[in-house]
Asks: 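Input: one structure, supplied below.
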Amino acid sequence: MAETCKMKYTVLDSPLGKIELCGCEQGLHGIRFLRGKTPSTDPTEAPANAELLRGPEGLPESLEQCTAWLEAYFQEPAATEGLPLPALHHPVFQQDSFTRQVLWKLLKVVKFGEMVSYQQLAALAGNPKAARAVGGAMRSNPVPILIPCHRVICSDGSIGNYSGGGQAVKEWLLAHEGIPTRQPACKDLGLTGARLKPSRGSTSSKLSG
């Protein structure tokens with residue numbers, strides 16, 4: 001569990017400002033936006049790259065993998081296809097819960113260039129009436145971007161809130177992936193499953209513990 005983990009940290013400088021990664025030998029614990037930069041909603045106005053600012057030698061494999069994945073994502077989101085995702089070892093992934101199920105389903109099903117509504121994600125997780133609980137799960141997501149809570153929107157097509165870094169960050173991430181931030185309601189997009197746009201890439205990961 002988290003209290004027994006020997007944590008290590010590293011920081012990336014990205015178009016969204018500084019991003020802190022933390023993890024242990026067993027897996028990634030968190031991705032956190034450090035305040036200080038308000039991104040333009042047009043990703044072409046910011047350099048689409050990320051630079052490692054600091055990090056001790058001998059970083060756990062999970063931090064090395066997460067760093068490589070984020071660097072590729074900020075350069076070109078489609079470039080993350082085929083890259084390994086780190087094992088996840090935050091406490092939320094160590095217990096069987098609806099939050100864990102929602103986050104895992106989001107990671108596995110909603111790929112680059114796609115969006116899903118809170119209600120649709122609730123149905124994917126096995127409880128179509130739990131849209132509010134899905135919102136709570138998004139707020140509890142310890143690894144934003146990697147688990148793409150920015151791709152979860154409201155049923156009326158509005159993008160909703162984003163605890164990962166604020167609405168401006170959510171808009172930037174969607175624009176960076178080529179998704180217009182003004183979408184029609186999900187029900188108008190002919191969705192029969194969970195995805196609103198065809199997938200252009202896929203990755204896989206594992207939950208540690």
Side-chain angles (χ1 to χ4, degrees), residues 1-10 19-33 59-70 73 80-112 114-155 159-165 169-170 173 186 191-196 199 201-209:
M1 298 299 292
E3 60 268 24
T4 64
C5 294
K6 184 178 180 181
M7 302 297 293
K8 292 192 176 181
Y9 299 83
T10 190
I19 299 176
E20 181 185 75
L21 315 179
C22 65
C24 67
E25 293 296 335
Q26 297 183 73
L28 181 69
H29 281 247
I31 297 173
R32 185 168 69 96
F33 291 95
L59 283 177
E61 182 181 25
S62 61
L63 290 187
E64 292 180 349
Q65 289 178 332
C66 187
T67 297
W69 192 95
L70 287 172
Y73 176 85
T80 59
E81 180 179 1
L83 289 180
L85 293 177
L88 304 175
H89 200 249
H90 186 279
V92 75
F93 301 116
Q94 306 308 305
Q95 53 191 348
D96 188 12
S97 67
F98 184 69
T99 292
R100 180 186 190 272
Q101 187 172 356
V102 167
L103 294 175
W104 181 236
K105 188 65 68 173
L106 177 59
L107 176 64
K108 295 288 287 183
V109 173
V110 185
K111 301 301 182 179
F112 163 67
E114 300 170 349
M115 291 190 298
V116 66
S117 75
Y118 293 95
Q119 185 175 9
Q120 290 160 346
L121 186 53
L124 279 172
N127 190 345
K129 297 181 179 179
R132 288 186 180 274
V134 167
M138 297 303 96
R139 290 189 294 274
S140 300
N141 180 13
V143 287
I145 305 181
L146 196 68
I147 293 183
C149 51
H150 61 279
R151 297 176 190 156
V152 183
I153 65 171
C154 300
S155 294
I159 68 170
N161 297 321
Y162 186 56
S163 59
V169 170
K170 187 171 187 175
L173 291 169
C186 297
L191 183 67
T192 57
R195 288 166 285 184
L196 307 186
S199 176
S202 62
T203 53
S204 61
S205 184
K206 59 186 176 182
L207 296 182
S208 176

Asks: Listing request: all side-chain hydrogen bond (donor to acceptor under 3.5 Å, both in side chains) pairs with a residue in residues 121-132, at least two apart in sequence or in separate chains.
Replies: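 Found none.
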
Asks: Under the side chain to side chain contact (heavy atoms under 4.5 Å, CB included) rule, what do L21 and L70 come out as? Steps first, then yes or no, please.
Replies: CA-CA 10 Å; L21 315 179; L70 287 172; 3.6 Å; yes

Asks: So how far is it from E64 CD to L28 CG, rounded to the nearest 0.5 Å?
Replies: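 So the CD of E64 and the CG of L28 are separated by 12.5 Å.
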
Asks: Can you list the residues that meet the side-chain contact (heavy atoms from CB on, under 4.5 Å) rule with C24, with sequence neighbours excluded?
Replies: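 Scan of C24 (side-chain contact (heavy atoms from CB on, under 4.5 Å), adjacent residues dropped) gives C5, M7, Q26, H29, H89.
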
Asks: What is the minimum heavy-atom distance between A122 and A131, and which atoms define it?
Replies: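 The answer is CB-N, 3.9 Å.
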
Asks: Can you name the nearest heavy-atom pair linking L63 to C22, along with the distance?
Replies: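 Heavy atoms only, the tightest pair is CD2-C, 3.6 Å.
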
Asks: Partners of Q65 by side-chain contact (heavy atoms from CB on, under 4.5 Å), sequence neighbours excluded?
Replies: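 Q65 satisfies side-chain contact (heavy atoms from CB on, under 4.5 Å) with E61, P84, P86 only.
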
Asks: So H90 and F93, would you call those rings parallel, tilted or perpendicular, with 30° and 60° as cut-offs?
Replies: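 Geometry flag for F93 against H90: perpendicular rings.
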
Asks: What pairs of donor and acceptor atoms, side-chain ones from residues 138-146 against any protein atom, are under 3.5 angstrom apart with sequence neighbours left out?
Replies:
| residue | atom | partner | partner atom | Å |
| --- | --- | --- | --- | --- |
| S140 | OG | G136 | O | 3.0 |
| N141 | OD1 | V143 | N | 3.0 |
| N141 | ND2 | I147 | O | 2.9 |

Asks: With rounding to the nearest 0.5 angstrom, report the CD to CG distance, Q101 to L121.
Replies: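 With rounding to 0.5 Å, CD (Q101) is 10.0 Å from CG (L121).
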
Asks: If you round to the nearest 0.5 Å, how far is CG of L124 from NZ of K105?
Replies: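 K105 atom NZ to L124 atom CG measures 6.5 Å (nearest 0.5 Å).
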
Asks: Could you work out, with side chain to side chain donor-acceptor pair (under 3.5 Å) as the rule, every residue matching Y162, not counting sequence neighbours?
Replies: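 None.
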
Asks: I'd like to know if the side chain of K170 and the backbone of V152 have a donor-acceptor N/O pair within less than 3.5 Å.
Replies: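 Confirmed, K170 side chain pairs with V152 backbone.
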
Asks: Can you name the closest pair of heavy atoms from C66 and I31 and give their distance?
Replies: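 Looking at all heavy atoms of both residues, the closest pair is SG-CD1, 3.8 Å.
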
Asks: How close do L59 and Y9 get, counting heavy atoms only, and between which atoms?
Replies: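 Shortest heavy-atom contact: CD2-O, 4.1 Å.
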
Asks: Could you tell me which residues satisfy side-chain contact (heavy atoms from CB on, under 4.5 Å) with P148, sequence neighbours excluded, listed by chain and number?
Replies: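 Applying side-chain contact (heavy atoms from CB on, under 4.5 Å) to P148 gives L106, H150, R151.
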
Asks: Kindly indicate whether the side chain of L85, heavy atoms from C-beta on, has any atom under 4.5 Å from the side chain of L107.
Replies: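 L85 reaches L107 side chain to side chain.
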
Asks: So, for Y118 and C154, which heavy atoms are closest and what is the spacing to 0.1 Å?
Replies: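 The pair with the smallest heavy-atom distance is CE1-N, 3.9 Å.
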
Asks: Please enumerate all residues that pass side-chain contact (heavy atoms from CB on, under 4.5 Å) together with A68, with sequence neighbours excluded.
Replies: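 For A68 there are no side-chain contact (heavy atoms from CB on, under 4.5 Å) partners, ignoring immediate neighbours.
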
